[in-house]
Amino acid sequence: MLFGKAIVVFRTKSGISALEDRCPHRNAPLSCGKIINDNIQCPYHGWTFNKQGECIDIPGLCVTSHHSLRTVPCYFTLEYQNFIWVCPVLNYKPSDLPYWPTEMDFQKTILQRTVRASLINTLENFLDATHTHFIHSGLIRKNNNRQSVKAYIFRRSHRVDIRYNNESKQNGFISRFFEKERVESVGRYLFPSLGQIEYRNKEGTSLLICLYLTPMDNEHLAVFIVIHSPRSWIPLFVKKAFILPFLKIALKQDLTILKTQADNISFFGSESFTFSPLDLIRSHITQIIENEGNAPMVEENTIVNI
Ligand code: FES
Ligand SMILES: [Fe+2]
């Protein structure tokens with residue numbers, strides 16, 4: 001499900017295909033059918049469609065000729081860096097590859113969850129530091145142990161970075177036990193739905209957590225979290241065994257508050273938000289989305305206690 005559209009994705013010898021999940025005959029879901037010789041067969045009467053969605057066989061009909069009304073709409077799709085990307089606009093092929101941090105040789109760990117929350121509320125939750133003292137108290141930061149930090153904001157047409165470059169280390173359990181001396185941390189949003197948190201030490205990036213958000217419908221997001229760490233002498237399974245349980249706790253805490261927030265917004269009927277100067281990132285995300293990735297440039301800085 002992507003933006004409320006049911007899509008069946010299947011693999012053929014020549015790559016991945018993404019078709020509308022509805023047989024044009026009597027509308028049975030093709031996702032309940034079978035893959036036969038690189039084609040997909042509907043479970044109801046056996047109509048069979050190729051990778052482009054064209055009907056190539058109607059069992060029992062002696063001659064199957066091409067007929068546009070028997071064609072299933074096809075979406076542009078791409079397999080890239082362990083993910084299958086589908087463009088939910090028919091007859092549209094994006095000109096760029098999806099963004100990925102390819103410049104370093106990272107080890108990756110991928111988690112997947114579903115959340116009932118809006119895209120912007122989820123991005124804000126991920127990128128904003130001020131909830132961490134409460135929702136992840138002791139794990140990431142503590143309310144009674146704050147540092148005064150300069151936050152630099154760099155907004156470009158399709159992305160915004162907030163750099164905190166004099167926070168020595170977060171005072172929660174995760175940083176104290178697992179992190180070396182930190183030089184800079186960055187919260188980053190990339191249009192349309194990618195968030196990143198990057199921690200840097202003197203040698204470079206020590207941890208990069210990417211959040212890929214896939215809106216399934218108006219209320220639910222598929223959340224993919226990709227945790228990148230530089231290759232080192234410590235095997236990946238050892239790193240996973242130590243740090244992953246704590247990151248999973250933090251993730252569960254975030255998903256719980258996001259669902260609670262969404263339920264309360266539904267109860268009151270709509271969002272009615274007010275802001276303080278500490279809400280650094282949301283307005284930039286909103287402006288980039290409203291300008292469809294062509295927002296004007298902004299550079300500013302401010303002091304925050306986090
Ligand atoms: S509904 Fe698909 S073949 Fe009839
Ligand atoms: Fe959080």
Side-chain angles (χ1 to χ4, degrees), residues 6 8 10 19-36 39-50 53-61 64 67 69-73 111 113 115-143 162 164 167 170-175 185-189 195-199 207-213 221 223-227 243-262 278-282 285 304 306:
V8 57
F10 60 100
L19 304 178
E20 185 174 87
D21 192 13
R22 178 169 63 163
C23 175
H25 180 222
R26 292 294 178 269
N27 294 179
L30 294 173
S31 55
C32 295
K34 275 192 225 156
I35 305 297
I36 298 178
N39 302 308
I40 189 162
Q41 185 183 57
C42 177
Y44 198 177
H45 310 92
W47 286 28
T48 303
F49 304 90
N50 65 14
E54 293 154 355
C55 181
I56 55 154
D57 187 34
I58 298 177
L61 190 69
T64 307
H67 197 306
L69 293 179
R70 295 179 189 150
T71 298
V72 186
L111 302 173
R113 299 286 188 277
V115 61
R116 179 171 176 253
S118 75
L119 178 72
I120 295 183
N121 288 341
T122 307
L123 285 165
E124 182 182 39
N125 166 275
F126 181 66
L127 295 172
D128 164 61
T130 62
H131 77 285
T132 56
H133 310 76
F134 295 92
I135 296 298
H136 313 295
S137 179
L139 201 58
I140 295 181
R141 292 189 177 87
K142 288 183 194 156
N143 190 33
I162 302 192
Y164 305 94
E167 185 187 23
Q170 289 163 358
N171 46 48
F173 179 82
I174 292 180
S175 280
S185 61
V186 186
R188 181 179 299 127
Y189 162 69
Q196 293 185 333
I197 293 175
E198 181 177 3
Y199 296 142
L207 186 69
L208 177 68
I209 304 175
C210 296
L211 187 77
Y212 292 81
L213 299 176
L221 297 171
V223 179
F224 297 91
I225 300 112
V226 188
I227 302 154
I243 198 157
L244 216 49
F246 298 101
L247 293 178
K248 283 183 179 172
I249 293 172
L251 178 61
K252 194 167 179 206
Q253 291 167 331
D254 279 332
L255 297 184
T256 303
I257 190 64
L258 280 168
K259 181 181 179 303
T260 307
Q261 178 194 29
L278 265 187
D279 296 313
L280 297 180
I281 193 118
R282 189 182 182 101
I285 297 173
V304 291
I306 58 172

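In each ligand, atom 1 is the first atom listed, and ligand 1 is the first ligand listed. Throughout, numbering of the chain's residues begins at 1 and tracks the sequence.
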Exercise. Which of the atoms of ligand 1 are close to W47, meaning less than 4.0 Å from one of its heavy atoms?
Worked result: 3 (S)
Exercise. With atoms numbered from 1 as shown, which atoms in ligand 1 lie under 4.0 angstrom from a non-hydrogen atom of C42?
Worked result: 1 (S), 2 (Fe), 3 (S)
The single option from [options] passing side-chain contact (heavy atoms from CB on, under 4.5 Å) against [X]:
X: V115; options: L213, N125, N121, L221; value: L221
X: T48; options: I58, I40, L30, D57; value: D57
X: L211; options: D254, I225, L251; value: I225

Exercise. Is there a side-chain contact between Q253 and T256, using heavy atoms and a 4.5 Å cut-off?
Worked result: no
For this session: Look at the N, O or S atoms of C23, main chain and side chain alike, and state whether any lies under 2.8 Å from atom 2 (Fe) of ligand 1.
Result: yes
For this session: Could you label the plane-to-plane angle of the W47 and H25 rings as parallel, tilted or perpendicular, counting under 30° as parallel and over 60° as perpendicular?
Result: parallel
For this session: Decide, counting backbone as well as side-chain atoms, whether H45 has an N, O or S atom less than 2.8 Å from atom 4 (Fe) of ligand 1.
Result: yes
For this session: May I ask you to check whether H25 brings an N, O or S atom to under 2.8 Å from atom 4 (Fe) of ligand 1?
Result: yes
Seminar exercise, completed: H136 NE2 to H131 NE2 via the Fe ion (ligand 2), rounded to 10°, gives 100°
Exercise. For atom 1 (S) of ligand 1, what's the nearest protein heavy atom and its distance?
Worked result: R26 N, 3.2 Å
Problem set entry | Check: D128 main-chain N/O paired with H131 side-chain donor or acceptor under 3.5 Å | yes
